[in-house]
Amino acid sequence: MRQLLTALLIFFSALTHAQSSDLKSRYQEIDKAIAESPNYVAQREAKITAVLRAFEQASGKQKFDEGYRLYELYRPFVSDSAIYFLHQCIDLAEERGDASAVVRCRAQLAIRCSNIGLYDEALNILDSIRLTGKEERADIGTYYEAYNNVYSELSYYTRLDDMRELYQKKERQYEQLMYEYLAPTSEACFLKREQRAQAEGRLKESMQINDEWLKTVEPGSHPYALVALYRYIEYKLQRDTTEMMHWLTESVLADIRNAAMDQGSMWELANELMLQGDIERASSYISYTCDCANRYGSRQRNWQIAPLLSHIASNYKSQSERTTSQLWITLAAISVLALLLLAALFFLHRRNKQLAVARNALHETNSQLAALNDELKSTNEQLSDVNSELSVVNSQLSESNRVKEEYIGRFMSLCSQYIDKLDNYRKMVNKKMKNKELDELFQISKSTELKEKELEELYENFDTVFLHLFPNFIDDFNALLQPEMRIYPKENRLTTDIRIFALIRLGFEDSSKIAEFLHYSVNTIYNYRARIKNGALCNREQFEKQVKSL
């Protein structure tokens, strides 16, 4: 039980460390993205410049389209510029008599106003719109989305309970109308459905909505940042801190890399870091998002950031005061330690004088001992060399004796068998002669079958004994050869190539003796040896020495 608990403790400790390391690398990635933020801003400005040039040169419907593109580029970037080009699009749409486009642009203008805290202006814009029924369904849906958005903001920020109920009632009314006209896969519908499910505690359903929404956006894009932010909220409600922080940092990175100045995720991250006690990083991030909010021109975002800025500043001050107090305590401790160190140095100085005399006496003794040690070391090295040589010789003798004993025993057995075979052959010849079967006897004596059979039996006996003595010889032998030259014989048998080097391993180095044993010519044996050595991994001149050591 104790071992199980220890294993679980180690596992969870390693898991926590891995998660902490992953989160640290995410923060480093965010810091790098913030440092490269001017490059991302420059890329967006370059896109805006190109579209602005096209807008100035265009006319009619194309001019309206380029103007609307400018609005979409400025929408997360600079609020005033986005509103300006919406006004331009409204004028262009009115000139062309495009009522549907006018409704869409005015509704978007109302959404922009409500998002930056201009609620009265947003309602006035929406009240000025008159639907004729000829507008496109998507534009009517945007009109109802704008109403829903402004009442949602008002219900969230009002401090009057009766007004909150009124705003929430209107919010739900326009939410239903928005669903009737907008596509279910639109960003507004996904956002509102997920918010509603979260508010009513239907977390499983809200996560399913976010899963569907996530499939419709490109990873790393500006819409992806919004989906990731709400996915962070999903995991926060589930109290899954690991996934929560992962998706929050995903949203932050997408905002920075798309040069979005209207950021919701960065100040959320700063708040989370402050709660975790990382005041310095929280201060750095909130400062960055504050600069972005000022550039965007959203007073609502500044309202949201201001309390957090104040809280971080207060915590930073408290931390600074604690650090200062700790520094004074540390300084006092260091001073005491310094005095103790001075006293210790004085004591050591006196002791060193006493030890100097003893050290000089010991130095002479050590010199004499060093000389004696050198002599002993030299003697030990000589003895070690002798012992090593004796060990090698003993090992070789032991192996030689083992091989001799094995082969002598097998030799005696073979001799006995050959005596029996000769006697049987004598009896067979005697019988044939007695029966006057001279022709058959002549044919038997003429045939080489008996010789070949006996040679095969001899080789088989040799292979069996050798592999019994050296069971790993084939694998070790192949390890000395290049892959394409390796030989894999049948089980418990040697090929002619391996049999030649098996004889070399047993001490038969002369090709003529090997040829005599294997009944081959000397040239054939020489060719076998040369071919195998050419396929060696090492120097071919060292190959046979290595074989002898297998």
With [X], which residues qualify under salt bridge (Lys or Arg N to Asp or Glu O under 4.0 Å), at least two apart?
| X | result |
| --- | --- |
| R75 | none |
| R499 | D463 |
| E516 | none |
| D31 | R281 |

Residues in side chain to side chain contact (heavy atoms under 4.5 Å, CB included) contact with [X], at least two apart in sequence or another chain:
| X | value |
| --- | --- |
| Q238 | M207, Y235 |
| T495 | I487, P489, D497, I498 |
| S206 | E194, A197, Q198, L203, E234 |
| E36 | K32, N39, Y40 |

With sequence neighbours excluded, what pairs up with F543 under the ring pair (Phe, Tyr, Trp, His ring centres under 6.0 Å) test?
->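 Counting only residues at least two positions away or on another chain, F543 forms a ring pair (Phe, Tyr, Trp, His ring centres under 6.0 Å) with F477, F501.
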Got a sec, which residues hit ring pair (Phe, Tyr, Trp, His ring centres under 6.0 Å) with F517, two or more places apart in sequence or on another chain?
-> F462
For I500 and Y520, what are the C-alpha separation, side-chain angles and deciding distance, and is it a side-chain contact (heavy atoms from CB on, under 4.5 Å)?
-> CA-CA 11 Å; I500 290 169; Y520 285 105; over 6 Å; no
Let me confirm one number: the [atom1]-[atom2] distance from [X] to [Y], rounded to the nearest 0.5 Å.
| X | Y | atom1 | atom2 | answer |
| --- | --- | --- | --- | --- |
| R26 | L248 | CZ | CG | 10.0 Å |
| F77 | I48 | CZ | CD1 | 5.0 Å |
| I286 | N271 | CD1 | CG | 8.0 Å |
| I279 | S284 | CD1 | OG | 13.0 Å |
| I474 | R493 | CD1 | CZ | 11.0 Å |
| L341 | L345 | CG | CG | 4.5 Å |

Atom of [X], atom of [Y] and distance for their closest heavy-atom approach:
| X | Y | answer |
| --- | --- | --- |
| G220 | A254 | O-CB, 4.1 Å |
| Q263 | T289 | OE1-OG1, 3.4 Å |
| C189 | L182 | SG-CB, 3.7 Å |
| Y285 | A270 | CB-CB, 4.2 Å |
| V217 | P223 | CG1-CB, 3.9 Å |
| I209 | F190 | CG2-O, 3.8 Å |

Does some side-chain heavy atom of F470 sit less than 4.5 Å from a side-chain heavy atom of D476?
-> no
Take L481 and K533 through the side-chain contact (heavy atoms from CB on, under 4.5 Å) test and state the conclusion after the steps.
-> CA-CA 8 Å; L481 298 174; K533 286 194 288 185; over 6 Å; no
Give a yes or no answer on whether the side chain of R44 reaches the backbone of L73 with a donor-acceptor pair at less than 3.5 Å.
-> yes
What's the verdict on side-chain contact (heavy atoms from CB on, under 4.5 Å) for E250 and M245, showing C-alpha distance, side-chain angles and the deciding distance?
-> CA-CA 8 Å; E250 278 285 291; M245 295 305 293; over 6 Å; no
K548/E509 ion pair, N-O < 4.0 Å |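 Answer for the salt bridge query: yes.
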Salt-bridge contact E29-R257 (side-chain N to carboxylate O under 4.0 Å) |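 Salt bridge flag = yes for R257 with E29.
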Without hydrogens or angle criteria, can the side chains of T524 and S521 be said to hold a donor-acceptor pair below 3.5 Å?
-> yes
Residue pairs meeting ring pair (Phe, Tyr, Trp, His ring centres under 6.0 Å), one or both in residues 352-378, sequence neighbours left out, come to none
Y230 vs W213 aromatic rings, parallel, tilted or perpendicular, using cut-offs 30° and 60°?
->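 Rings of Y230 and W213: tilted, 30 to 60°.
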Step by step, would you call M261 with D255 a side-chain contact (heavy atoms from CB on, under 4.5 Å)?
-> CA-CA 8 Å; M261 299 294 109; D255 273 338; over 6 Å; no
When the aromatic ring centroids of F473 and F466 are compared, is their separation below 6.0 Å?
-> yes
Contact list for residues 205-221, test salt bridge (charged side-chain N to carboxylate O under 4.0 Å, His left out), sequence neighbours left out = R193-E212, R202-E205, D211-R231
